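Below is a structure I'd like to ask you about.
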2 protein chains.
Amino acid sequence: MALRYALLAALQEEPATGYELTQRFRTYLAHVWNATHQQIYRELGKLHDEGLVTAETIAQSERPDRKQYRVSEAGETALTQWLATPQPRPATRDPLLVKLFAGDNLDARVMARELAELRQQCEQRLAAYREMERTWFRDPGSVPRRYRLQYLALRRGILGAQSWLAWLDEAEREFPSTDDS
Amino acid sequence: MALRYALLAALQEEPATGYELTQRFRTYLAHVWNATHQQIYRELGKLHDEGLVTAETIAQSERPDRKQYRVSEAGETALTQWLATPQPRPATRDPLLVKLFAGDNLDARVMARELAELRQQCEQRLAAYREMERTWFRDPGSVPRRYRLQYLALRRGILGAQSWLAWLDEAEREFPSTDDS
DNA sequence: TCGATCATGTAACAGGTTACATGATTTT
DNA sequence: AAAATCATGTAACCTGTTACATGATCGA
């Protein structure tokens, strides 16, 4: 359900094609809502059928046509209505934690490797978030409200990554790495 | 995919009926993997068809029969194999963060209320986790490995909740609550 | 007497994943 | 010459959600 509203919000910031939206979701929306291009195209189609977005086809020589979408009035109404509805928290479903319930079937070395990879991933993400923080939100007070809210989402990404790193400190004690590389 | 292995792990700890498993998933597995009874029954059926679990029907007078499942050898093999395979991290999909991208369509009072509710939820969970920590893992060093690993999962729940509370401290500054109640 | 608990399921639907498909241009 | 980028989609499948269904017992 939320994907469509994420699309509407993104389009409201600036009209875009499915392709461009896919990129936004991959980059600065990745810590908020994940979606592949298939899902995005499908949902854009539905939104168009329902009149929540309008589409303008821009012919290009030597390239497939681009379909630029923008939010319609009906779309804005729908978005506002959704925003006013409290959303349930997403359920936790983490395969890594599932593994911890398998007891002695779990191989410590395999696990150590998986934790090491997770640590690397967290550190990379954290660095990327910090980079965004530096380039766009150096002085959060002077940023217009719209972007200050996005900064909050980024802060969530940062705090989330840090909290995983803190957990990894604890978890790695249980799975001592043999440190081969 | 991971649900089946969560079930196998849970059954390995102790054979159980679908009903009992549902309860475990609702209580001490909620911070690891969420699943409803419908999903669990469906998956148990498949696991049984595939021979990864065996079922023993226990007739009861005046109550529906209980079907007690236990992991078969094939099931244990499948579990071990899965454990050795690195699992991709779950994707982030958070409707609350999506809302932050809707800019001025977002009503501050509505948002303040949603944040307050989230805070309450986090605090409740944290208290429940702390309670588990106190009752089962007062002295983690003396606990057998199997349960020390489960303690790690609990630690993840605790750190996760704390990190959300830290974020809420920041977020609430952006949505000052009018404090009516 | 009403709701919770015990104990199992079926069915329809919504949402997300994976694979396949096309085809030109630009970069390595 | 190969791979990545631009730009769009279809189709099958798997997983998760929601609604519906049954029926007895036990505690408030």
Side-chain angles (χ1 to χ4, degrees), chain A residues 1-8 15-27 29-30 32-50 53 55-69 82 85 87-95 98, chain B residues 1-8 15-27 29-30 32-50 53 55-69 82 85 87-95 98:
Chain A
M1 259 293 91
L3 171 58
R4 58 181 5 189
Y5 301 104
L7 287 168
L8 289 173
T17 66
Y19 190 81
E20 283 161 4
L21 287 166
T22 305
Q23 291 174 151
R24 290 196 212 166
F25 275 76
R26 245 208 340 260
T27 54
L29 279 166
V32 168
W33 196 272
N34 271 79
T36 61
H37 86 272
Q38 291 86 344
Q39 260 181 293
I40 290 169
Y41 281 117
R42 194 211 277 167
E43 198 64 35
L44 282 172
K46 279 197 222 168
L47 286 170
H48 188 239
D49 290 349
E50 296 171 34
V53 298
E56 185 191 358
T57 305
I58 301 162
Q60 293 187 121
S61 51
E62 329 259 12
R63 282 276 167 96
D65 296 354
R66 313 170 78 232
K67 274 192 212 167
Q68 189 154 53
Y69 293 94
W82 180 77
T85 318
Q87 296 305 309
R89 298 271 67 217
T92 306
R93 283 198 189 90
D94 193 324
V98 168
Chain B
M1 261 294 92
L3 171 59
R4 55 181 9 189
Y5 300 104
L7 287 168
L8 289 173
T17 66
Y19 190 81
E20 284 161 4
L21 287 166
T22 304
Q23 290 175 152
R24 291 196 212 166
F25 275 76
R26 243 207 343 258
T27 55
L29 278 166
V32 168
W33 196 273
N34 271 82
T36 61
H37 86 272
Q38 291 86 344
Q39 260 181 293
I40 290 168
Y41 281 116
R42 194 210 279 169
E43 198 64 35
L44 282 173
K46 279 196 222 168
L47 286 170
H48 188 239
D49 290 348
E50 296 171 35
V53 298
E56 184 191 358
T57 305
I58 301 162
Q60 294 188 121
S61 51
E62 328 260 13
R63 282 278 167 95
D65 295 353
R66 311 172 77 234
K67 275 191 212 165
Q68 189 155 52
Y69 293 94
W82 181 76
T85 318
Q87 295 305 309
R89 299 270 67 219
T92 307
R93 283 200 189 88
D94 192 327
V98 167

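Every value quoted in this text rests on a predicted model; they were computed, and no experiment measured them. Lettering follows sequence order; numbering is per chain, from 1.
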If we ignore hydrogens and angles and just use 3.5 Å, is the side chain of Glu43(A) paired with the main-chain N or O of Tyr41(A) as donor and acceptor? no
What contact category does Gln68(A) fall into here, base, sugar-phosphate, or nothing, at under 4.0 angstrom with non-hydrogen atoms? nothing
From CG of Leu21(B) over to P of dG9(C), roughly how many Å is that when rounded to an integer? 12 Å
Whether Lys67(A) contacts dC6(D) is assessed here as follows: a side-chain N or O lying under 4.0 Å from the phosphate OP1 or OP2. Is that the case? no
DNA chain C: Tyr69(B) or Ala91(B), which has the more 5' nearest nucleotide? Tyr69(B)
Using the side-chain heavy atoms of Thr36(B), tell me which of these nucleotides is nearest: dG16(D), dA7(D), dT18(D). dT18(D)
dT8(C) phosphate, OP1 or OP2: any side-chain N/O from Tyr41(B) under 4.0 angstrom? yes
How many Å lie between NE2 on His48(B) and P on dG9(C), as a whole number? 11 Å
Spacing of Leu44(B) atom CG relative to dT8(C) atom P, expressed in whole Å: 9 Å
Which value, rounded to the nearest 0.5 Å, describes the distance between Tyr69(A) atom OH and Lys67(A) atom NZ? 4.5 Å
Rounded to whole Å, the CG-C1' distance (Asn34(B) to dT18(D)) equals 16 Å
List the atom of Ile40(A), the atom of Gly18(A), and the distance in Å for their closest heavy-atom pair. CG2-O, 4.1 Å
Whole angstroms only, please: what is the OH-C1' distance between Tyr5(A) and dA14(C)? 13 Å
Give Arg42(A) one of three labels, base, sugar-phosphate or nothing, depending on what nucleic acid heavy atoms sit under 4.0 Å from its own. base
Polar side-chain atom of Arg93(A) near backbone of Asn34(B) as donor-acceptor pair, under 3.5 Å: yes
Gly45(A) near the nucleic acid: base, sugar-phosphate alone, or nothing, with a heavy-atom cut-off under 4.0 Å? nothing
d(Trp33(A) CH2, Leu3(A) CG) to nearest 0.5 Å is 7.0 Å
Whole-Å gap separating C1' (dA7(C)) and CZ (Phe25(B)): 17 Å
Given dA7(D), dG16(C), dG9(D), which nucleotide is nearest the side-chain atoms of His37(A)? dG9(D)
Once you apply a heavy-atom cut-off of 4.0 Å, does Gln38(A) come out as touching a base, just sugar-phosphate, or nothing? base
If you measure from the Lys or Arg side-chain nitrogens to the Asp or Glu carboxylate oxygens, is any gap between Arg66(A) and Glu56(A) under 4.0 Å? no
Which of dG16(C), dG16(D), dG9(D) is nearest the side chain of Arg93(A)? It is dG16(D)
Under 4.0 Å between any heavy atoms, over every strand shown, what does Gln23(A) touch: base, sugar-phosphate, or nothing? Just pick one. sugar-phosphate
Between Asp49(A) (CG) and dG9(D) (P), how many Å, whole number? 12 Å
For Asp94(A) and dG16(D), what is the distance between atoms CG and P respectively, to the nearest whole Å? 13 Å
Verify the contact: side-chain N or O of Tyr19(A) to OP1 or OP2 of dT8(D), cut-off strictly under 4.0 Å; return yes or no. no
Please confirm whether the shortest side-chain N or O distance from Gln39(A) to OP1 or OP2 of dG15(C) is below 4.0 Å. no
